[in-house]
Amino acid sequence: MSKYIIRGGAPLFGSVTVSGAKNAAVAIIPAAVITDAPCRIENVPDIADVAVFFNILRRMGAQVRDAGDGTYEIDASGISAPVATSGDMQKIRASYYLIGALLARFGRADVAMPGGCNFGAPRQIDLHIKGLSAMGASIDVKNGVITATTQGRLHGASVFLDAPSVGATINIMLAASTADGTTVIENAAREPHVVDLASFLSLMGAEIYGAGTNTIRIHGKNSLRGGSHSIITDQLEAGSFMAAAAATGGRIEINNVIPKHLECISGKLCEMGVSVWESGDSSVVVEGTEKLRSVDVTATPYPGFPTDMQPQASVLLCLADGTSTVTDNIFDTRFKYVDELLKMGASIKVAGRTAIVKGVSALTGAQLKAGDLRAGAALVIAGLCARGTTEIEGVHYIERGYENMIGKLRALGADITGVSDTAEAESTAV
Ligand code: UD1
């Protein structure tokens, strides 16, 4: 799609099923490269980042078979050289997990620099390099290609991360899975997808302790075997639907979730006056309120409020009673979406890492441009609750990480239409 057209004002009602987690999928797919035995991965979300990753693997010589219903079989035995430099590498952030995975399998990786959402300042990879170097890798970055080499196997090491980087934690776990000896990651990221990757690597024969805490121990093995794994459901997709229900004053049931992963989001929504309750083991119900209350939101590493939900939270606070703050302690310049919300009549001032949001009585439809994935989701939510019509361009960002967002929203009663690249308006199937 090239743009979305939303006629706002319809409260969302009904139920929606959340897909597999993007950030887990893009860590688990490269893990399948560590072995030359086949792997089977279920609950893979149908999103652009996954399609790009599969293309990268195919170009490297792997076979990726779509077994239907979100299940894929990956056979990486055909990869003969640890080289991943195709143009697709720069389309996604997670392509850099091939550094850890190829080092683990071949003791060498030639990998193009990653792309991914641009929040305004360059996203560093120094912690990845520091961790892999401590394990014996020599790393050189030249002409946009990261070359990592080691003599023989990597060795276990003690790695303290200056910040609990998700990407660095995952890259080091991948590399350490076949290292000689034990690797200990201190100040490791605790996000759900780190734990999901640890589950998959364990099925492949790796020995990993402490995933989900800030100290992860990996006892390396000579090699890993194939494994079969079902990806966890997407905390951030669920959170985005929770925000959409709250923004429109609707009531929806969100199925196929892990309620524990949503506590950091539900807690804030409840503070705003939204009702959230669990329904069975894997569903939550979200019911909006007549008037949202102002709150202060601070994005911090898991189990704190996710940075990937702060743009959506800002939209809700645009409609709250009073003044709120949204502070991002992970990325210092993640507020480019604010300019778009201002076009809708929002009252927001950004001061450093904090957005000061003064509630207004309503947002008004406008012509908007999504600048990154979660900003795009936030603009969709803003369009759903705004008066009038909103047109959003740059929706390829949204499609990087949300499976069938239009279809799912339409099934909940939203008036949203996708316009295809050929400028022909189409209604996406519900
Ligand atoms: C991952 C998620 C992204 C999420 C982010 C924070 C994936 C594919 N992406 O991104 O959706 O927004 O976690 O939850 O899982 N940093 C450094 N040096 C490094 C690495 C990171 O300084 O080597 C800094 C970053 O600039 C940022 C902070 O650490 O300020 C957190 O980054 P990190 O957790 O690594 O995020 P990503 O893995 O890129």
Side-chain angles (χ1 to χ4, degrees), residues 26-27 30-31 33-35 56 60 79 81-85 89-90 92-116 121-191 193-194 197-198 201 204 206-211 213-224 301 330-331:
V26 296
V33 163
I34 299 176
T35 177
I56 291 170
M60 292 170 70
I79 298 180
V83 180
T85 50
M89 293 292 287
Q90 298 222 307
I92 57 175
R93 185 83 196 145
S95 56
Y96 61 10
Y97 293 149
L98 285 169
I99 307 171
L102 291 172
L103 267 175
R105 166 118 169 249
F106 295 98
R108 182 181 175 108
D110 295 282
V111 167
M113 285 292 276
R123 290 167 76 179
Q124 305 296 326
I125 58 163
D126 55 308
L127 300 175
H128 303 235
I129 292 176
K130 183 177 150 191
L132 297 172
S133 301
M135 297 167 69
S138 301
I139 300 185
D140 193 25
V141 184
K142 216 183 274 168
N143 301 328
V145 176
I146 305 157
T147 298
T149 50
T150 178
Q151 302 294 327
R153 283 167 75 189
L154 292 170
H155 56 74
S158 187
V159 179
F160 180 87
L161 295 178
D162 298 331
S165 157
V166 171
T169 301
I170 287 176
N171 237 335
I172 295 165
M173 284 168 73
L174 292 165
S177 64
T178 64
D180 185 12
T182 300
T183 298
V184 182
I185 311 174
E186 298 281 5
N187 200 25
R190 292 180 282 168
E191 268 67 5
H193 39 294
V194 170
L197 172 66
L201 288 173
M204 296 172 79
E207 212 181 317
I208 302 181
Y209 301 97
T213 75
N214 53 18
T215 303
I216 302 178
R217 285 172 189 278
I218 306 118
H219 300 299
K221 301 288 172 187
N222 282 331
S223 61
L224 300 187
I330 314 279
F331 295 106

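Counting from 1, the numbers follow the sequence of the chain as shown. Just so it is clear, the values below take in all heavy atoms, side chains as well, and ignore hydrogens, waters and symmetry mates.
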Do the side chain of T150 and the main chain of G107 share a donor and acceptor less than 3.5 angstrom apart? no

Hey, is the main chain of T147 close enough, under 3.5 Å, to the side chain of D140 for a donor-acceptor pair? no

Can you list the residues that meet the side chain to side chain contact (heavy atoms under 4.5 Å, CB included) rule with D162, with sequence neighbours excluded? L127, K130, F160

Which atoms form the tightest heavy-atom contact between P164 and A189, and what is the distance? O-CB, 3.5 Å

Nearest atoms (heavy-atom pairs only) where A134 meets V159: CB-CG2, 4.2 Å

Can you check whether T85's main-chain N or O pairs, donor with acceptor, with D110's side chain at less than 3.5 Å? no

Which residues pass the side chain to side chain contact (heavy atoms under 4.5 Å, CB included) test with S223, not counting sequence neighbours? none

Donor-acceptor pair, distance only, cut-off 3.5 Å: does the side chain of R217 make one with the backbone of G210? no

Kindly say whether P301 contributes a backbone atom to a donor-acceptor pair with the side chain of E191 at under 3.5 angstrom? no

Main chain of G115, side chain of R93: is a donor-acceptor contact present, judged purely on distance under 3.5 Å? yes

Residues forming a side chain to side chain contact (heavy atoms under 4.5 Å, CB included) with A112, sequence neighbours excluded: M89

Shortest non-hydrogen contact between P82 and R108, atoms and distance: CB-O, 3.0 Å

Shortest non-hydrogen contact from T183 toward M135: OG1-CE, 3.7 Å

